[in-house]
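Reading through the structure tokens given below for one structure.
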Amino acid sequence: TGAIVLKAWNNIGISDTVSTSAYVFNFNDADVTAYVYNNTAISTSYGKAFLRQNGTVHLKNNIGYSASGTSFSGTFSSVNYCASDDATADDWGGSGNRISASFTFVDADSDDYHLSDRDTVALSAGTDLSSDANLAFSDDIDGDTRSGNWCIGADEITDAIYRSVGTSTSNLNTASA
């Protein structure tokens with residue numbers, strides 16, 4: 001393992017450059033051991049979402065999207081419960097990876113890469129990392145608590161709260177008058 005430990009979680013990274021050498025997450029230091037969990041990497045033009053050139057890199061619960069067709073590139077130490085729009089998320093074995101996926105975001109045209117509750121790929125497809133030995137956490141990019149089957153990526157879809165409107169004069173949030 002490297003002398004430097006990098007821990008990155010709950011990030012949404014976007015690269016919109018037209019350069020083929022642009023990367024959202026680029027690991028290129030032999031002295032680094034990186035734990036990269038629950039991130040959403042979007043390369044809207046060219047380049048790669050995740051590139052490992054050097055160091056020890058462990059990926060869990062990450063979304064990789066690249067318009068150029070290479071979401072994950074390099075030799076990663078481990079890749080688990082990651083998803084890509086191409087066929088690269090499962091190139092290193094691991095478990096729970098999803099490939100050739102079409103993600104549904106809230107508003108990708110306006111760079112809002114929070115997961116939509118209509119997503120069928122990353123929604124509840126990740127693994128619980130709240131007790132992970134290297135990087136334990138239990139919230140998402142917005143501070144929402146992750147529970148049950150975690151979503152892949154930076155955003156966790158939480159249950160919607162529906163309120164009924166009726167003739168009662170009581171407070172529907174607290175059930176008091």
Side-chain angles (χ1 to χ4, degrees), residues 5-16 23-27 34-44 47-52 57-74 76-163:
V5 176
L6 169 71
K7 297 180 180 186
W9 68 101
N10 290 339
N11 298 289
I12 297 176
I14 304 167
S15 173
D16 60 1
Y23 316 109
V24 180
F25 291 97
N26 181 12
F27 306 95
Y35 300 96
V36 184
Y37 297 174
N38 281 96
N39 297 285
T40 300
I42 307 293
S43 180
T44 61
K48 297 168 178 58
F50 293 90
L51 174 64
R52 185 254 171 215
V57 181
H58 303 278
L59 302 176
K60 292 182 185 178
N61 289 356
N62 293 291
I63 290 175
Y65 173 86
S66 178
S68 71
T70 307
S71 295
F72 295 83
S73 182
F76 296 98
S77 300
S78 63
V79 180
N80 292 288
Y81 295 94
C82 291
S84 62
D85 66 308
D86 59 8
T88 59
D90 68 347
D91 287 357
W92 302 269
S95 59
N97 295 315
R98 295 172 171 233
I99 60 170
S100 303
S102 294
F103 305 105
T104 306
F105 298 108
V106 170
D107 189 358
D109 291 337
S110 297
D111 291 338
D112 185 349
Y113 292 102
H114 285 78
L115 276 180
S116 167
D117 59 2
R118 295 181 316 277
D119 182 78
T120 59
V121 177
L123 183 69
S124 299
T127 188
D128 185 334
L129 300 174
S130 62
S131 298
D132 188 85
N134 298 300
L135 176 56
F137 61 99
S138 60
D139 60 354
D140 75 350
I141 191 170
D142 301 310
D144 294 329
T145 300
R146 294 180 183 270
S147 62
N149 293 329
W150 287 23
C151 293
I152 296 174
D155 188 38
E156 181 75 12
I157 298 297
T158 57
D159 293 330
I161 298 173
Y162 298 97
R163 294 187 171 84

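Contact check for Ser71 versus Phe50: no side-chain heavy atoms found under the 4.5 Å cut-off. Counting heavy atoms from C-beta on, the side chains of Ile14 and Asp111 come closer than 4.5 Å. Using a 4.5 Å heavy-atom threshold, the side chains of Arg146 and Phe137 count as touching. Side-chain contact check for Asp117 versus Ile157: some heavy-atom pair is nearer than 4.5 Å. Between Tyr37 and Asn61, the closest side-chain pair of non-hydrogen atoms is not below 4.5 Å. Within the 4.5 Å cutoff, the side chain of Tyr81 has heavy atoms near those of the Ser95 side chain.
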Which is it for Ser68 and Ser66 under the side chain to side chain donor-acceptor pair (under 3.5 Å) test, yes or no, and what are the steps along the way?
CA-CA 5 Å; Ser68 71; Ser66 178; 2.9 Å; yes
List the steps, then state whether salt bridge (charged side-chain N to carboxylate O under 4.0 Å, His left out) holds for Lys60 with Asp132.
CA-CA 11 Å; Lys60 292 182 185 178; Asp132 188 85; 2.6 Å; yes
Should Asp112 and Ser110 be marked as a side chain to side chain donor-acceptor pair (under 3.5 Å) after you check the CA-CA gap, both sets of side-chain angles, and the distance that decides it?
CA-CA 6 Å; Asp112 185 349; Ser110 297; over 6 Å; no
For Asn39 and Asn62, what are the C-alpha separation, side-chain angles and deciding distance, and is it a side chain to side chain donor-acceptor pair (under 3.5 Å)?
CA-CA 5 Å; Asn39 297 285; Asn62 293 291; 3.2 Å; yes
Tell me, with the steps shown, if His114 and Asp107 meet side chain to side chain donor-acceptor pair (under 3.5 Å).
CA-CA 8 Å; His114 285 78; Asp107 189 358; over 6 Å; no
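The line from CH2 of Trp92 to CG of Asn97 is 9.0 Å long, rounded to the nearest 0.5 Å. Separating the CG atom in Asp16 from the OG1 atom in Thr44 is a distance of 5.0 Å, to the nearest 0.5 Å.
Taking the six-membered ring where tryptophan is involved, the planes of His58 and Tyr35 are essentially parallel, since the angle between them stays under 30° and well short of 60°. Classified by interplanar angle (parallel below 30°, tilted 30° to 60°, perpendicular above 60°), the ring pair Phe27/Phe25 is parallel.
Across Thr40, Val121, Asn38, a single residue satisfies side-chain contact (heavy atoms from CB on, under 4.5 Å) together with Ile63, and that is Thr40. Partner of Thr88 under the side-chain hydrogen bond (donor to acceptor under 3.5 Å, both in side chains) criterion, chosen from Asp90, Asp91, Asp86: Asp86.
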